[in-house]
Amino acid sequence: MLRVGIVGLGFMGWIHWLVYKRVPGIEVVAICEQDPVRRSGDWRTIRGNFGPPGELVDLKKIRVYDSVDRLLGDGELDLVDICLPPSLHCEAVLKSLDAGIHVFCEKPLALNVTDCEIMVARAKQVSRRLWVGHVLPFFPEYSFARQAVQSGEYGRILGGTFKRVISDPTWLKDFYDPQRIGGPLVDLHVHDAHYIRLLFGMPKRALSRGRTRNGVVSYCNSILEFADPTMAVSCISGVIDQQGRPFNHGFEIHLERATLQFEFASFKDRTESMPLKILTDQGDVVRPSLFAGDDIAGFVAEIEEVNRCMIADRDSEILCGELARDAIQISQMQADAVLHKP
């Protein structure tokens, strides 16, 4: 049985707590949280834009700590799961690696490329594993699309467009703080930046225009340039101020012999979806049957990947620190273009 300690019981800490209960062979044995109310097991104030709300949790069999240092001194942990605000990731990751413990860090890995590189290098230096919680490739539609691209069944990938827009997350007071959470590009769009990096490789440049708030990009449209000038990739991401549509994401991916299309939105009154479709070069519309599960099924698949990697003592081609670093670099390219930085 692999033993996990969760650091930080905000929204993602809560989601990870729920997920670990579904994955055989891995269990949470310790938590670290500064809030004494949450250390007592009262997680009812936790909320997010999907999944179940927080609730009262029985922590009688869980070792509870109020600092990272105390948790790392536990002596019985195989993995530290870090769900702190992004500005605190680097210190907690480095301490965990130096303590000889493998790390699973929620995305984004850091607010800047330099910190990402420091963490990736440290993991190699101390021969520990660093996985980063980029869950999007484990969502059914995105997983199917990635496998279709990798298989070559529909020929070479030609480009695509990607969308991720939310309503203003008013419950996150530091969302637009560039030194703490970093705003929509770093905290939200980084999902698509990571996925684009998986499918297309690393872009050379971003052409972006958008709006800003508190010195960070709040909404932008981008065209990404690659070494192959025929590759046409664009993305839309950010925040709208209207609360009637909390979440919207989707893609259209162009291959030589097919186009893959998907979109989902949650509105205040209901959810609406354009399920995944394959538009073939024969004029057919194929509608794959996908197992969707509930709101946290993708996170279950993500933790199952971490568990497999733990058992095999290997990195993950999806969750590795290098890709997480590149996703931050892509997001920074876009921000610099909006802010007209050289």
Side-chain angles (χ1 to χ4, degrees), residues 107 132 134-165 185 188-208 220-238 247-265 272-293 297-298 301-302 305 315-320 322-331 333-334 337:
K107 68 83 206 162
V132 186
H134 278 284
V135 71
L136 191 64
F138 297 93
F139 286 12
E141 297 83 5
Y142 290 83
S143 177
F144 182 96
R146 177 173 170 270
Q147 290 173 30
V149 171
Q150 285 190 326
S151 73
E153 179 180 358
Y154 301 106
R156 184 172 63 90
I157 191 168
L158 304 176
T161 185
F162 303 83
K163 178 193 294 186
R164 187 163 309 276
V165 180
L185 282 184
L188 176 73
H189 170 67
V190 74
H191 281 297
D192 290 304
H194 175 267
Y195 192 72
I196 288 168
R197 171 66 180 82
L198 269 176
L199 295 189
F200 300 96
M202 192 68 185
K204 299 193 306 178
R205 188 162 69 114
L207 306 175
S208 305
C220 79
N221 295 337
S222 299
I223 297 173
L224 300 177
E225 292 186 350
F226 292 82
D228 179 353
T230 68
M231 193 76 72
V233 180
S234 63
C235 44
I236 302 169
S237 191
F247 180 75
N248 178 210
H249 76 165
F251 60 75
E252 184 168 295
I253 297 172
H254 302 152
L255 304 163
E256 287 179 308
R257 297 191 296 277
T259 293
L260 311 180
Q261 190 275 331
F262 161 74
E263 186 160 352
F264 170 85
E272 296 182 5
S273 178
M274 294 177 65
L276 179 67
K277 291 173 287 296
I278 306 169
L279 311 178
T280 75
D281 58 354
Q282 302 299 310
D284 297 324
V285 179
V286 180
R287 303 174 186 270
S289 178
L290 303 177
F291 172 74
E302 176 189 52
E305 168 72 358
D315 291 325
S316 167
E317 65 176 5
I318 300 174
L319 302 177
C320 65
E322 289 84 354
L323 284 179
R325 173 203 61 204
D326 290 352
I328 290 296
Q329 186 170 346
I330 293 170
S331 298
M333 284 182 189
Q334 295 172 255

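Of the residues Val149, Ile278, Leu158, the one that meets the side-chain contact (heavy atoms from CB on, under 4.5 Å) test with Leu255 is Val149.
Ser151 and Gln147 form no side-chain donor-acceptor contact under 3.5 Å, judged by distance and modelled atom types alone.
The closest side-chain heavy-atom distance from Leu276 to Leu290 is below 4.5 Å. Leu323 places none of its side-chain heavy atoms less than 4.5 Å from the side chain of Ile318. At least one side-chain heavy atom of Leu319 sits under 4.5 Å from a side-chain heavy atom of Glu302. Residues Val135 and His191 form a side-chain contact, since some pair of their non-hydrogen atoms from C-beta on lies under 4.5 Å apart. With a 4.5 Å cut-off on side-chain heavy atoms, Leu199 and Gln150 do not count as touching. In this structure, the side chains of Phe162 and Ile236 stay at 4.5 Å or more apart for every pair of heavy atoms. Between Val233 and Phe226 the shortest side-chain heavy-atom distance falls below 4.5 Å. The shortest distance between side-chain heavy atoms of Phe138 and Ser143 does not fall below 4.5 Å.
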Q: Any chance you could lay out the side-chain contact (heavy atoms from CB on, under 4.5 Å) test for Gln261 and Met274, step after step, and finish with the verdict?
A: CA-CA 8 Å; Gln261 190 275 331; Met274 294 177 65; 3.6 Å; yes
Q: Please lay out, stage by stage, how Thr259 and Ile253 fare under the test side-chain contact (heavy atoms from CB on, under 4.5 Å).
A: CA-CA 6 Å; Thr259 293; Ile253 297 172; over 6 Å; no
**Q.** Check against salt bridge (Lys or Arg N to Asp or Glu O under 4.0 Å), Asp228 and Arg156
**A.** CA-CA 12 Å; Asp228 179 353; Arg156 184 172 63 90; 3.5 Å; yes
Q. Can you check side-chain contact (heavy atoms from CB on, under 4.5 Å) on Asn221 and Ser208, steps first, answer last?
A. CA-CA 6 Å; Asn221 295 337; Ser208 305; over 6 Å; no
(Q) I'd like to know whether Gln334 forms a side-chain contact (heavy atoms from CB on, under 4.5 Å) with Cys220, so could you lay out the CA-CA distance, the side-chain angles of the two residues, the decisive distance to 0.1 Å, and finally the verdict. (A) CA-CA 8 Å; Gln334 295 172 255; Cys220 79; 4.1 Å; yes
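Within the model, atoms OG of Ser237 and CZ of Arg164 stand 7.0 Å from one another, a figure rounded to the nearest 0.5 Å. A distance of 12.0 Å separates NE2 of His194 from NZ of Lys107, quoted to the nearest 0.5 Å. Interatomic distance, CD of Glu252 versus CG of Leu279, reported as 7.5 Å (0.5 Å rounding). Between the CG atom in Leu207 and the OG atom in Ser234 there is a gap of 11.5 Å [rounded to 0.5 Å]. Leu224 CG to Met231 CE: the interatomic distance, rounded to the nearest 0.5 Å, is 11.5 Å. To the nearest 0.5 Å, atom CZ of residue Arg257 and atom OH of residue Tyr154 are 9.5 Å apart.
Between the side chain of Ser316 and the main chain of Cys320, no donor-acceptor pair closer than 3.5 Å is present. Looking only at distances, no side-chain donor or acceptor of Lys163 sits under 3.5 Å from a matching main-chain atom of Thr161.
When every heavy atom of Phe264 is checked against every heavy atom of Ser273, the shortest pair comes out as CD1-CB, 4.1 Å. The two residues Leu260 and Ala148 come nearest to each other via the heavy atoms CD1-CB, 4.1 Å. Between Pro288 and Lys277, the closest heavy-atom pair is CD-CA, 4.4 Å. Here the closest non-hydrogen pair linking Pro137 and Tyr195 is CG-CD1, 4.1 Å.
Below 30°, between 30° and 60°, or above 60°: for Tyr142 and His249 the angle between ring planes is between 30° and 60°, a tilted geometry. Ring pair Phe262/Phe251 is tilted by interplanar angle, where 30° to 60° counts as tilted.
Using a 4.0 Å cut-off between a side-chain N of Lys or Arg and a carboxylate O of Asp or Glu, Asp192 and Arg197 do not qualify as a salt bridge. With respect to Glu141 and Arg287, no salt bridge is recorded, no charged nitrogen being found less than 4.0 Å from a carboxylate O.
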